[in-house]
Amino acid sequence: MPQTIPPKPTRAEQLLPKECYFSGAWFEREHQELFSRSWTFACVVQDLPEAGDYKAVQINRYAMIVVRTKDGAIRAYHNTCRHRGTTIFEKDGNCRHGIVCPYHAWTYNVDDGSLRGLPKKELAFPDLKMEELGLHKGSIGVIGDLIFVNPQEVPQDDFEMWLGGMRDTHMWPHSLDGLSEKRPVRYDFGANWKAFCENAMDGYHLSYLHDKTLMGPDIEDQRWDAVGRHWVTFANPESDDRQNSHFTPIPGVNTSKPYPVVYQFFPNSGVLSSPIFFSAYTIVPVGPEQCYLELRTWMMPREQQDPAKKPKKPSSTSGHGYIMDDGKRYISIDTLSCHAMESLDFQIEDMWVCEQQQKALHSPMMKAGPMAAVGETALTWFQANILDFVPLDDPGMKMAAE
Ligand code: FES
Ligand SMILES: [Fe+2]
């Protein structure tokens, strides 16, 4: 069981042995001891305007449904039928008349997930106790317009406890009302999910790996803060989105002083909060060496952009990957028609470097080296929080970390 939130580290060091980035046994422990009780970004309140509107979401290993009830509340149920376990909903839609499983039409109430009816009950299930077979419930937390889901009906940490005061200290000013959503993107990585999270927290690489895209800021100009188990980094007014400044600013976003630009919600969700766009993402762990990033982005509507101002560069992700029938763009390194470092998409650059790290992990020569005193201490903080949930109780792993 997790103990106390670790203090913000004073020095950067690698706490996790490299086996934690490819071991199947460790990956199982992460699911059982961390993801089974953590909060994950699922969708936004604007996805569910009407009673019965639902989204099918993947909360790490848990297939779940987020739904608007008749009285306007938002609920989360496990998307697993209580008869034979079939996934009930594939994508999004409206179920105001009931949550109906496609296999044998067992039907559940929208408002509380209880089992309402099933075909041929008297004949096929004369002794069935319907009150025991409602959908399993999860929990909902809302911050800004973002809906987070916990797979437990009664989470160990309730949402406010888990937020650790983020709402009061570093809240983003964006409302998604009036913004328009760009096509969602899924990036499939051949890397451990923690490699992506650590990359997102690594300020040291921004001017080097991303010299064609983000171009900094350098570590002298970076500041980060720890809130609860989460991490926030700030941008300075002079360094905001230089290459994208042709886009119309989002009203109410004050950039006259340093402002939070990246929120990494422990363990695997995040927000990019910019004067011209707002993004929210989840990094979904699929296997010890496989994960994907699901990224949603909102901007001012096209009709409110100034047509006289042409982008200096192609917008990120333009032309890469494939659009599938769920409307998302899917991108992986092996579907690129250019090298990742020529993609002009900083997420692809990150995906590529995470895969490069992952490949090298299997070399007996690979051992993590020293970490930057400025720019990489956030990685130590992240790893300390992982270890609080999944301690190194195996003596072999402890030795590997030393
Ligand atoms: S599996 Fe859902 S009704 Fe049979
Ligand atoms: Fe990066």
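Atoms within each ligand, like the ligands themselves, are counted from 1 in listed order. What you are looking at is a predicted structure, and each value in this text was computed from that prediction instead of being measured.
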Quiz item: Under the salt bridge (Lys or Arg N to Asp or Glu O under 4.0 Å) criterion, do Lys137 and Asp112 qualify, and how do the steps go?
Solution: CA-CA 9 Å; Lys137 294 174 182 165; Asp112 61 4; 5.9 Å; no
Practice problem: Take the Fe ion (ligand 2) and tell me which protein N, O or S atoms are nearer than 2.8 Å. | Solution: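 You should have found His205 NE2, His210 NE2, Asp350 OD1, Asp350 OD2.
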Quiz item: Considering residues at least two apart in sequence or located in another chain, which fulfil the ring-ring contact (aromatic ring centres under 6.0 Å, His included) criterion with Phe22?
Solution: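 Partners of Phe22 by the ring-ring contact (aromatic ring centres under 6.0 Å, His included) criterion, ordered by chain and then number, come out as His362.
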Quiz item: How are the rings of Trp106 and Tyr108 set to each other: parallel, tilted or perpendicular (split at 30° and 60°)?
Solution: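 Rings of Trp106 and Tyr108: tilted, 30 to 60°.
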Self-check item: Distance below 2.8 Å from atom 4 (Fe) of ligand 1: protein N/O/S atoms
Solution: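 Hits for atom 4 (Fe) of ligand 1 below 2.8 Å: His83 ND1, His104 ND1.
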Exercise. Applying ring pair (Phe, Tyr, Trp, His ring centres under 6.0 Å) between Phe265 and each of Phe148, Trp231, Tyr281, Phe159, report the one that passes.
Key: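 Result for ring pair (Phe, Tyr, Trp, His ring centres under 6.0 Å) with Phe265: Phe148.
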Quiz item: Checking Arg186 against Tyr292: charged group under 6.0 Å from the ring centre and within 45 degrees of the axis?
Solution: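 Yes - Arg186 lies over the ring of Tyr292, closer than 6.0 Å to its centre and within 45° of its axis.
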Practice problem: Find out whether the Lys NZ or Arg CZ of Lys194 is both under 6.0 angstrom from the six-membered ring centre of Tyr21 and within 45° of the ring's axis. | Solution: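 Here Lys194 passes the 6.0 Å and 45° test against Tyr21.
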Distance-only donor-acceptor pairs under 3.5 Å for side chains of residues 94-103, two or more places apart:
| from | atom 1 | to | atom 2 | distance (Å) |
| --- | --- | --- | --- | --- |
| Asn94 | OD1 | Arg96 | N | 2.9 |
| Asn94 | ND2 | Ala51 | O | 3.0 |
| Asn94 | ND2 | Asp53 | OD1 | 2.7 |

Self-check item: Aromatic ring proximity, centroids under 6.0 angstrom, His205 and Phe346
Solution: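 Between His205 and Phe346, which both carry aromatic rings, the centre distance is not below 6.0 Å.
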Quiz item: Roughly how far apart are Thr377 OG1 and Phe382 CZ, rounded to 0.5 Å?
Solution: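 It comes to 14.5 Å.
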